[in-house]
There are 2 protein chains.
Amino acid sequence: MSAVEAPARQMNLAERIYQNLKQDIFDFQLLPGDRFSESEIAKRMQASRTPVREALYRLERDGYVQVHFRSGWQVRPFDFHYFEDLYDVRILIETEVVKRLCEAPDRNVRLAGLMTIWCCKESQRISDSAEVAMLDENFHYGLVECSKNQEMVNIHKDVCERLRIIRRLDFTQSGRIEATYNEHSEILERICAGDADLVAQDLRHHIEISKNTVREITLHRIQDARNRYAVDMSMK
Amino acid sequence: MSAVEAPARQMNLAERIYQNLKQDIFDFQLLPGDRFSESEIAKRMQASRTPVREALYRLERDGYVQVHFRSGWQVRPFDFHYFEDLYDVRILIETEVVKRLCEAPDRNVRLAGLMTIWCCKESQRISDSAEVAMLDENFHYGLVECSKNQEMVNIHKDVCERLRIIRRLDFTQSGRIEATYNEHSEILERICAGDADLVAQDLRHHIEISKNTVREITLHRIQDARNRYAVDMSMK
DNA sequence: GCTCTGTAACTTGTATACAAGGTTGAATTC
DNA sequence: GAATTCAACCTTGTATACAAGTTACAGAGC
C-alpha cells in the first residue's frame, strides 16, 4: 500500500512515446486528420513497434487518434460538437464543485492557495500569456480538487486535457488575460461570501466564454499555429 | 465517415480477451486483490502474450487491474470510498440530465420507450431479478442518452460500468424490484409534468439508496457470490 | 532456530518475425 | 481514352525470442 502507486513510476519507453506523441498533437506537429503508420512512429522515436502500439492504444482510448483496420492510424479530426459537449461537462462539474464549496465552513482555508495567485494587486499580475494559460488551468483544477471527490477530479482532469488542444489558442486575444484575472478573483471572493447561486452563474459564464470561442476556430487558424510553432523551433 | 467506426468492429483476439477478463472480474472469478501473470492468462485464453497485454492495459486504464513492475498483475482491491465517489458523479450527471429534460418540449416523445417499460400495469411487471437489473441499467442509460450530449453519455456509461461490479449484488434483496418500478415510474411521470426540482430530488434519492447499500457490502459477501457462481457453473 | 546470501525460476519490457488483409498503381483489355 | 485485373507493397494483428529486473527458497554460517 506504500510506494506501489504512480509516484515513482519510471519512464517506460511506451510511456515516453505516449507523452511525446500527445505533445506532438498538442503542438500541431501532428495535424488533425493526418495519417501515419506504427513503423513511421517507431522509426522517429527510435524504438520498436511494440511500445509504439501500446502508446497508440492509450491515445486511442483518450480520443486523440483512431486506428483503421490494417490500414494505418489517423489523428482524430476536429469535431466542434465534441468540444462543446466537453465544455458542458466541465461546466457541470465545476459549478457543482463551487456550490459544494459555498457550504463548506473551511472554504477559506482550502482556497488560500488560489487566492494568493488571483486576488493580488494589479501590479503583481502576470502578463505572459503562456504562463497565464497554465495558471488558468491550475485554477480550475484547484477548484475541483477542493471537492474531495477523487473521481470527479479525474474525470474533470481528463476533460480539460482533451480541451487543452483548443484552449491554448484562446489566450492570444488581447484583453483575455485581464478579464481572466477579474473573473477568477470575483469567483473566489464570492465563494468565500458563500453566494452559491451567484458564483455558479459567474463560473458558468466564465467557462462559456471559452466555449463560444471554439466556434470561431477554423482549420486555417490551426495551420497558422503550426507554422508559428515551426518558426519558434527553428529560432531556438 | 461511413462505416469507419465501432459498429462492425470485428472481434480481435485482444478485444475478446478484454471482454472475457472483464467478465471474469464481474463474476468474481478473479477476486479483488488476486494476483496473476500475463502468461497465465495467455495460456487460459489460448493466445500469446501480445493481445493479453493489450487487453490488460485497457483494463488498467479502466481501473480494474494494476501492473507491478516486473512483478505481475493484480485485480484492483475494493475501495468503498472510490465507489461512493463514482455514485456522486452518477447523481450529478443524471440530475443534470433530468433537469434539462424537464425543459424540453418534446420530452414525452423522447421518453416514450422508457415509459412503456416502467409505467405499466403491475401485472405486466417483470420479476426476474437479473432481468430487472439489466432494465434498471438501461433506464439510467436511457435518461442520459436523452441529453444529446455524447460526452456526458460516454462518461456516464463508463461510471456505471465501473459500478456494475457492486450493483449486481444489490437486486437480491426482496422488495427492491417493486421499489425500483415505483421509483422509476414516478420519476418518468414527474419529468413529463416538468417538475424539475422535484424530479431531481427523487432521482438523487433513488440513486442514493444504491449508494448506501455499498457500505454494507463486505468482502465476505463477495466470497459468497463467488461460491454461488461456482455452483451455478457446475450445474450447467 | 535465525539470518544472510546466492541462485534459479519467475515476472514484465522490448524487439523482431511472420501472417493476413488492405491499397495502390501499372499493365492489359476493351 | 476508360475500365479492369492483378501483383507488389503497404498496413496492422499476433506469436515468439530475448533482455532486464523481482521474488522465493534452499542452504551455509552462526
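Reckoned from all heavy atoms, side chains included, excluding hydrogens, waters and symmetry mates. Numbers restart at 1 for each chain; the letters A, B, ... are given by sequence-line order, proteins then strands.
Distance, B/Glu54 CD to D/dT12 P: 13 Å, rounded to whole Å. Between A/Asn12 atom CG and C/dA15 atom P the separation is 11 Å, expressed in whole Å. Spacing between atom CZ of B/Arg35 and atom P of D/dT22 amounts to 13 Å, rounded to whole angstrom units. Per the geometry, CG belonging to B/Leu13 stands 18 Å off P belonging to D/dT12, to the nearest Å. With rounding to whole Å, A/Lys43 atom NZ is found 20 Å from C/dT14 atom C1'. As a whole-Å value, the separation of B/Met45 CE from D/dA15 P is 13 Å. Rounded to a whole Å, the CD atom of A/Gln74 is 15 Å from the C1' atom of D/dT12.
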- Take B/Arg53 and A/Glu54 through the test side-chain contact (heavy atoms from CB on, under 4.5 Å) and record every step on the way to the result. CA-CA 9 Å; B/Arg53 280 170 63 78; A/Glu54 198 178 302; 3.4 Å; yes
- Message: Under the criterion salt bridge (Lys or Arg N to Asp or Glu O under 4.0 Å), I'd like the reasoning laid out for B/Asp158 against B/Arg162: C-alpha separation, chi angles, the key distance, then a yes or no.
- Response: CA-CA 6 Å; B/Asp158 219 71; B/Arg162 288 197 252 171; 3.6 Å; yes
- Message: As a quick check of understanding, evaluate ring pair (Phe, Tyr, Trp, His ring centres under 6.0 Å) for A/Trp73 and A/Tyr57, giving each step before the final call.
- Response: CA-CA 10 Å; A/Trp73 291 77; A/Tyr57 277 111; 5.3 Å; yes
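Classification of B/Asp24 and B/Arg44 as a salt-bridged pair holds, one side-chain N sitting under 4.0 Å from a carboxylate O.
Looking only at distances, a side-chain donor or acceptor of A/Asp79 sits under 3.5 Å from a matching main-chain atom of A/Tyr82.
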Can you check nucleotides 8-12 of chain C for protein contacts, nitrogen or oxygen pairs under 3.5 Å, and list what you find?
| from | atom 1 | to | atom 2 | distance (Å) |
| --- | --- | --- | --- | --- |
| C/dT11 | OP1 | B/Ser37 | OG | 3.0 |
| C/dT11 | O3' | B/Gly72 | N | 3.3 |
| C/dT12 | OP1 | B/Glu38 | N | 3.2 |
| C/dT12 | OP1 | B/Trp73 | NE1 | 3.3 |
| C/dT12 | OP2 | B/Glu38 | N | 3.1 |
| C/dT12 | O2 | B/Arg70 | NH1 | 2.7 |

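With contacts defined as side-chain heavy-atom distances shorter than 4.5 Å, the pair A/His184/A/Leu114 does not qualify.
In terms of phosphate contacts, A/Thr50 brings no side-chain nitrogen or oxygen within less than 4.0 Å of OP1 or OP2 of C/dT14.
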